[in-house]
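Worth knowing before you read on, the calculation uses all heavy atoms, side chains too, and leaves out hydrogens, waters and symmetry mates. Convention: sequence-line order gives letters A, B, ...; per-chain numbering from 1.
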Amino acid sequence: MTVDTTVTLAGVALKNPLMTASGTSGHGLELAPFFDLSILGAFVTKGVSMAPRAGNPPPRLQETPAGLLNAIGLENPGVEAFCAAALPGLATLGIPVVVNCFGEDPERTVAAVEALSRETAVTALELNVSCPNVKAGGIAFGTDPAVLRPLVEACRRATAKPLWVKLSPNVTSIVAMADAALQGGADALTCVNTLLGCDIDVKRRRFLPSPGRGGLSGPATLPVALLKVAEVHRAFPQAPIIGVGGIRRGEDALKYLLAGATAVQIGTAILVEPTAPVRILNELVELCEALGITRPADVIGAAHPGQS
Amino acid sequence: METDKSYELCRVRERAAPGGGLVSITVETTAPVAAPGQFAMLRGPWGDAPLLPRAISYRGAGPGWARFLFRTGGPGTDRLARLVPGDEVAVAGPLGNAFPPAKRPWLVAGGVGLPPLAFYQRRFGGTLFWGVPTASAAAGLAEKSWRLASDDGSLGVRGTVVDLVAASLGELVNDAMAPDAIMTCGPYPMMAALARLSAAREIPCFVSLEGKMACGIGVCCGCAHPATAGVYVHVCEKGPVFPAHEVVL
Ligand SMILES: Cc1cc2nc3c(=O)[nH]c(=O)nc-3n(C[C@H](O)[C@H](O)[C@H](O)COP(=O)(O)O)c2cc1C
Ligand code: FES
């Protein structure tokens with residue numbers, strides 16, 4: 001039995017549903033020494049902003065049970081340097097290139113979207129709305145529907161490329177945020193960014209990582225992120241979803257499809273094992289064969305009652 | 001000196017636990033031969049916790065094999081220490097840069113900072129200084145030619161390895177015997193003291209940093225270390241070896 005792994009995500013054809021997750025795969029071809037990146041459904045870059053950002057002081061990382069807290073602080077070289085240094089290499093891969101982007105306020109967010117939209121090598125944009133909004137006391141854009149919707153609308157006007165909005169799980173109702181993003185004109189929703197958390201160094205009596213908190217990722221977060229995908233799919237069955245959080249095996253990826261995701265992203269698993277996407281793709285195909293699934297695209301959302 | 005990197009499952013060929021919490025494992029590998037100063041990310045087949053691979057310096061390497069020496073005491077290194085010959089361990093390496101070539105280098109190791117410098121000495125020569133808290137921490141690994149210092153005087157001279165290096169510099173009879181580079185790996189205060197000593201004598205000094213790492217391969221920006229030029233350097237990408245004046249110690 002051959003498995004047809006192709007999926008179409010909001011008009012973008014992917015040869016399989018696996019992508020890298022932003023921030024865990026570099027800006028450009030850093031992973032290329034380890035595996036052929038062109039096997040991916042798409043490549044998603046680390047987040048870029050208009051101006052370069054130095055990021056947070058160390059320690060930026062803290063390992064937790066089956067998880068990782070990070071507080072990188074959105075370090076990046078800025079749109080201009082990214083387009084000059086990293087984008088040409090990505091363009092040679094022959095797969096969709098998705099650039100994750102953000103801004104410190106609405107104006108700079110729109111400026112980044114505009115600048116990146118001028119690049120032919122960019123297939124789609126993924127808007128990170130978990131970034132603190134400096135004009136609103138540092139509250140993340142993605143935690144208030146009344147802030148999120150106009151932001152997405154402004155970005156929508158600024159680009160003709162597919163616009164994905166990456167939702168934060170650190171909200172009371174992810175469905176309200178998904179609604180705001182879709183009303184604002186998002187083509188797809190990436191669910192979800194990292195979960196806020198912290199650790200404590202008991203000897204020094206200090207919170208970790210350095211800002212006193214960080215974003216939790218890795219296997220520990222899978223059940224939480226999976227439920228968010230399921231909730232968003234239940235509320236908006238037509239909305240294309242990219243599932244992300246804790247995926248480290250083919251079976252995890254299939255769970256996200258069954259919950260309603262069209263595609264998935266692999267993050268922390270790549271930090272643990274640089275070749276993880278190769279193994280996960282093989283496992284997904286083998287699992288589909290074993291379960292008699294000839295087209296994974298056919299089982300999107302199939303775990304929801306009335307959809308199988 | 002930098003080599004191509006690879007990721008592979010390696011078979012453990014030898015394991016030794018000489019004492020002092022130190023463990024050495026030798027693996028079979030098809031990766032390019034590592035240079036002294038480089039490191040690898042190591043992880044065994046132990047499930048989801050501890051999650052991250054561990055950055056470990058090469059103690060030695062040759063065609064087909066690589067050796068790592070590390071101190072146990074954390075959840076990752078304790079697991080690595082339990083590997084036995086025949087087990088598999090995932091190795092991403094060789095990663096990072098290497099200590100530079102020099103004619104008469106002084107190699108100054110503090111405690112478990114020994115592996116890259118012992119590796120350097122074996123491959124290129126140089127004078128090796130090693131400081132340990134006590135003789136038991138050295139676990140019988142000290143070689144005859146090494147100059148040793150211990151806090152309690154139970155191995156080599158009593159005092160710090162920095163004092164030993166300073167005294168040795170003072171005893172030099174002529175400049176032709178002076179080191180043309182000082183390379184160091186160990187606790188940050190020790191490396192900072194050596195950097196000051198080297199700067200005062202205008203001897204180039206190279207330090208090996210040991211930051212917290214997640215990926216070790218330059219994709220996560222997690223291993224940022226303050227640079228004297230202002231912002232941060234990524235230890236796994238630009239290092240782990242830096243000219244001492246470029247980084248904040
Ligand atoms: C070190 C690190 C850096 C990240 N940087 C970004 C980023 O720049 N932009 C973004 O939208 N998400 C970022 N993320 C979140 C990931 O893209 C992903 O949503 C999250 O890690 C959950 O997936 P995982 O459990 O597979 O890692 C980062 C995650 C990690 C671990
Ligand atoms: S540890 Fe990930 S970039 Fe250095």
Notebook entry, point to check: Is it the case that more than 12 heavy atoms not belonging to B/Arg15 sit under 6.0 Å from its CZ atom?
Noted result: yes
Next item on the list: Write down the atom of B/Tyr232, the atom of A/Pro58, and the distance for their closest heavy-atom approach.
Entry: CE2-CD, 3.8 Å
Margin query: Counting heavy-atom pairs under 4.5 Å with chain A, which one of B/Gly222, B/Cys215, B/Gly230 comes out on top?
Written below: B/Gly222
Margin query: Around atom CD of A/Glu273, are there more than 12 heavy atoms from other residues, nucleotides or ligands closer than 6.0 Å?
Written below: yes
Checklist line | Pairwise distance CZ(A/Arg53) to SG(B/Cys221) - rounded to 0.5 angstrom | finding: 12.0 Å
Next item on the list: Any chance you could measure B/Leu52, atom CG, to A/Thr268, atom OG1, to the nearest 0.5 Å?
Entry: 8.0 Å
Next item on the list: Please look at A/Pro219 and chain B and tell me whether the side chain, the backbone, both or neither of the residue comes under 4.5 angstrom of a heavy atom of that chain.
Entry: side chain
Next item on the list: Look at atom NZ of B/Lys238 and say whether more than 12 heavy atoms of other residues, nucleotides or ligands are closer to it than 6.0 Å.
Entry: no
Check: Where does A/Asn76 contact chain B at under 4.5 Å (heavy atoms): side chain, backbone, both or neither?
Finding: neither
Note to self: Could you measure the distance from the CZ atom of A/Arg60 to the NE2 atom of B/His234? Nearest 0.5 Å is fine.
What the structure shows: 5.0 Å
Checklist line | Exercise: identify the closest heavy-atom pair between B/Ala92 and A/Phe34 | finding: CB-CE2, 4.5 Å
Margin query: I'd like to know which of B/Pro53, B/Ala90, B/Ala49 tops the heavy-atom pair count under 4.5 Å against chain A.
Written below: B/Pro53
Checklist line | Basic-acidic side-chain contact under 4.0 Å: B/Lys5, A/Glu30 | finding: no
Notebook entry, point to check: Got a second to check how far A/Leu271's CG is from B/Met213's CE, nearest 0.5 Å?
Noted result: 13.0 Å
Check: In terms of heavy-atom contacts, does CZ of A/Phe207 have more than 12 from other residues, nucleotides or ligands at under 6.0 Å?
Finding: no
Check: Under 4.5 Å between any side-chain heavy atoms of A/Pro33 and B/Tyr7, yes or no?
Finding: no
Item checked: Heavy atoms from other residues, nucleotides or ligands near CD of B/Glu28 exceed 12 (cutoff 6.0 Å) -> yes
Notebook entry, point to check: For atom CZ of B/Arg71, is the number of surrounding heavy atoms from other residues, nucleotides or ligands below 6.0 Å larger than 12?
Noted result: no
Item checked: Closest non-hydrogen atom pair between B/Leu51 and A/Glu63, with its separation -> N-OE2, 3.0 Å
Check: Closest heavy-atom contact between B/Val231 and A/Ala54?
Finding: CG1-CB, 3.6 Å
Checklist line | CD (A/Glu251) with more than 12 external heavy atoms under 6.0 Å | finding: no
